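Along the sequence shown, residues are numbered consecutively beginning with 1. Predicted model, so just to flag it, every value in this text is computed and none were measured. Heavy atoms only: backbone and side chains are in, while hydrogens, waters and symmetry mates are out.
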Amino acid sequence: MEIKRDHYLNKLIGHKKNGLVKIVTGIRRCGKSYLLFKLFRDHLISSGVKEDHIISVALDDYGNKPLLDPDELYRHVKNSITDGGDYYILLDEIQLVKDFESVVNGFLHIPGADVYVTGSNSKFLSSDVVTEFRGRGDEIRVYPLNFSEFYSAYGCDFDSAWLMFCNYGGMPLCLSMQTQEDKGKYLTNLFETTYLADIINRNNLRGNAEINELTDILASSIGSLTNPLKLSAAFGSTKRVKLSAGTISVYLGYLQDAFLIEKALRFDIKGKKYINTPAKYYFVDMGLRNARLSFRQQEYTHIMENVIYNELRARGYSVDVGVVETVGKENGVSLRKSLEVDFVVNSGDRRYYIQSAYNIPSEEKLKREQASLLSINDAFRKLIIVDRPILSGYNEQGIIMLSLKDFLLDPEKALNL
């Protein structure tokens, strides 16, 4: 089964020969190697690049163990370049090589060399790319399959595909498994033996109990505002374990560095400033989140919100949680209220305000969903994404009512992307 990932492939194609190291980042097993070694390599060959001018090295392959020595890797690549033509150097899991930064930067001095690397840990966070590669890094972040990629390969009606995606997410290998039992076992094992094991080993943790408990608490409260102090209290009340807010903050950083979760900060829309705490944490894949809870907590309202967040991030937007301060009167008394906007979505000079509503069964529910959006006094587009809206398009208040299906499958219609 070949799953098209044109969004990321086109990014790689558009960044060819730009003089920078293309760094493909993302959670393990999300398809980075497939993107680079299959889809991108096929593109190069179809565009006329000779196969011997594509130098591919999977550094997590035991057969390439000698190349984990930086000198051996450098020598291998140099010896593979036999003429003055263009060469494409594709290196998978480069962080396994000691002093990889120096080695990779060295390849940039080879005339005609274009360098692409992948990595799966904190050394490849966007905030570190410039530092690690001395200003010569160009990050391309890859997420698990989004719904449209999943849907194109799943081969079923929208409703069935949506239910399967909500339950088992978009890890590529999971899609190819035939039974739900196999999918569940794969995701559970992947979390335990790959992601958490990596975090524990990389950060020299003494055990896995605390990081496991924290992950479970986050999984059961997606879409909820929280902070290390609240999480510390949750440990004390439900787990009978003492874990300081400081330690929890560090552990949250480990989970983010492993690309398992992302943090959405609160943004005061009228005050135009960030509020650092509390924040929301979203899982990069719903199947992995559900596996943590043995597929028990399937609250589709929160799952839909998490899926929308991931979709926006995969499309390249920065995403915050919005807060709108309003002042009104109740029984003659002035009251100040904070209204939440699910997502404040930015890219360059474009901005969207988005509410996620699984359903809107009544006029009263619609008023509640619209209240925060109507309190924003600017001209940026305001949307409510609903599973099945009664009205599609602009309503009388100038808010766009958009179906979940259109948002996921027709981004041009949804946001003019």
How close do [X] and [Y] get, counting heavy atoms only, and between which atoms?
| X | Y | result |
| --- | --- | --- |
| Ile3 | Tyr34 | N-OH, 3.5 Å |
| Ser356 | Ile308 | OG-CD1, 3.6 Å |
| Phe37 | Ser56 | CE2-CB, 3.9 Å |
| Leu366 | Ile384 | CD1-CD1, 4.3 Å |
| Leu293 | Asp216 | CD2-O, 3.9 Å |
| Leu288 | Leu190 | CD2-CD2, 4.2 Å |

[X] side chain to [Y] main-chain N or O, any donor-acceptor pair under 3.5 Å?
| X | Y | result |
| --- | --- | --- |
| Lys242 | Ser232 | no |
| Gln355 | Asp342 | yes |
| Lys50 | Gly48 | no |
| Glu149 | Asn146 | yes |
| His7 | Ala314 | yes |
| Ser347 | Arg350 | no |
| Asp406 | Ser403 | no |
| Lys382 | Leu374 | no |

Are the charged groups of [X] and [Y] less than 4.0 angstrom apart, N to O?
| X | Y | value |
| --- | --- | --- |
| Arg292 | Glu192 | yes |
| Glu340 | Arg266 | no |
| Glu363 | Lys367 | no |

Check your understanding: Does the gap between the ring centers of Phe165 and Phe158 come in under 6.0 Å?
Key ->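 Centroid distance Phe165-Phe158: not below 6.0 Å, so no.
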Sub-4.5 Å side-chain heavy-atom contact between [X] and [Y]:
| X | Y | value |
| --- | --- | --- |
| Asn203 | Val250 | no |
| Asp159 | Leu163 | no |
| Leu255 | Ile211 | yes |
| Thr179 | Lys185 | no |
| Arg381 | Ile400 | yes |
| Arg5 | Val142 | yes |
| Glu93 | Gln95 | yes |
| Met304 | Ile385 | yes |

Rounded to the nearest 0.5 Å, what separation is found between the [atom1] atom of [X] and the [atom2] atom of [Y]?
| X | Y | atom1 | atom2 | answer |
| --- | --- | --- | --- | --- |
| Thr226 | Leu252 | OG1 | CG | 8.5 Å |
| Asp285 | Ile261 | CG | CD1 | 14.0 Å |
| Arg289 | Leu260 | CZ | CG | 14.0 Å |
| Cys166 | Met286 | SG | CE | 7.5 Å |
| Leu44 | Ile54 | CG | CD1 | 4.5 Å |
| Gln256 | Glu262 | CD | CD | 8.0 Å |

Is it possible for you to check whether [X] lies under 6.0 Å from the centre of the six-membered ring of [Y], through NZ or CZ, and within 45° of that ring's axis?
| X | Y | result |
| --- | --- | --- |
| Arg141 | Tyr143 | yes |
| Arg313 | Phe259 | no |
| Arg202 | Tyr254 | no |
| Lys17 | Tyr88 | yes |

Polar side chain donor-acceptor pair, [X] to [Y], under 3.5 angstrom:
| X | Y | answer |
| --- | --- | --- |
| Gln370 | Asn395 | yes |
| Asp114 | Tyr116 | yes |
| Tyr274 | Asp320 | yes |

Exercise for review: Kindly determine whether Arg136 and Val104 satisfy side-chain contact (heavy atoms from CB on, under 4.5 Å), including the steps that lead there.
Suggested key: CA-CA 10 Å; Arg136 305 187 74 177; Val104 173; over 6 Å; no
**Study point:** Steps toward side-chain contact (heavy atoms from CB on, under 4.5 Å) verdict (Phe407, Leu383)
**Key:** CA-CA 10 Å; Phe407 171 74; Leu383 303 89; over 6 Å; no
Review point. What do the steps show when you test Asn310 against Val307 for side-chain contact (heavy atoms from CB on, under 4.5 Å), and what is the final call?
Key: CA-CA 5 Å; Asn310 289 343; Val307 169; 5.7 Å; no
Practice item. Give the intermediate values and the outcome of side-chain contact (heavy atoms from CB on, under 4.5 Å) for residues Phe343 and Glu305. Key: CA-CA 9 Å; Phe343 302 120; Glu305 181 180 329; 3.6 Å; yes
Exercise for review: For atom NZ of Lys270, decide whether the heavy atoms of other residues, nucleotides or ligands shown that lie under 6.0 angstrom number more than 12.
Suggested key: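 Enclosed: over 12 neighbouring heavy atoms sit under 6.0 Å from NZ of Lys270.
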Point to revise | The single option from Thr118, Val117, Leu36 passing side chain to side chain contact (heavy atoms under 4.5 Å, CB included) against Leu90 | key: Leu36
Check your understanding: Do the rings of Phe191 and Tyr195 sit parallel, tilted or perpendicular, given the 30° and 60° boundaries?
Key ->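 The rings of Phe191 and Tyr195 stand perpendicular, inter-plane angle above 60°.
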Exercise for review: Assign the ring pair Tyr282 / Tyr309 to parallel, tilted or perpendicular, where the plane angle (0 to 90°) is split at 30° and 60°.
Suggested key: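 Parallel: the ring planes of Tyr282 and Tyr309 meet at under 30°.
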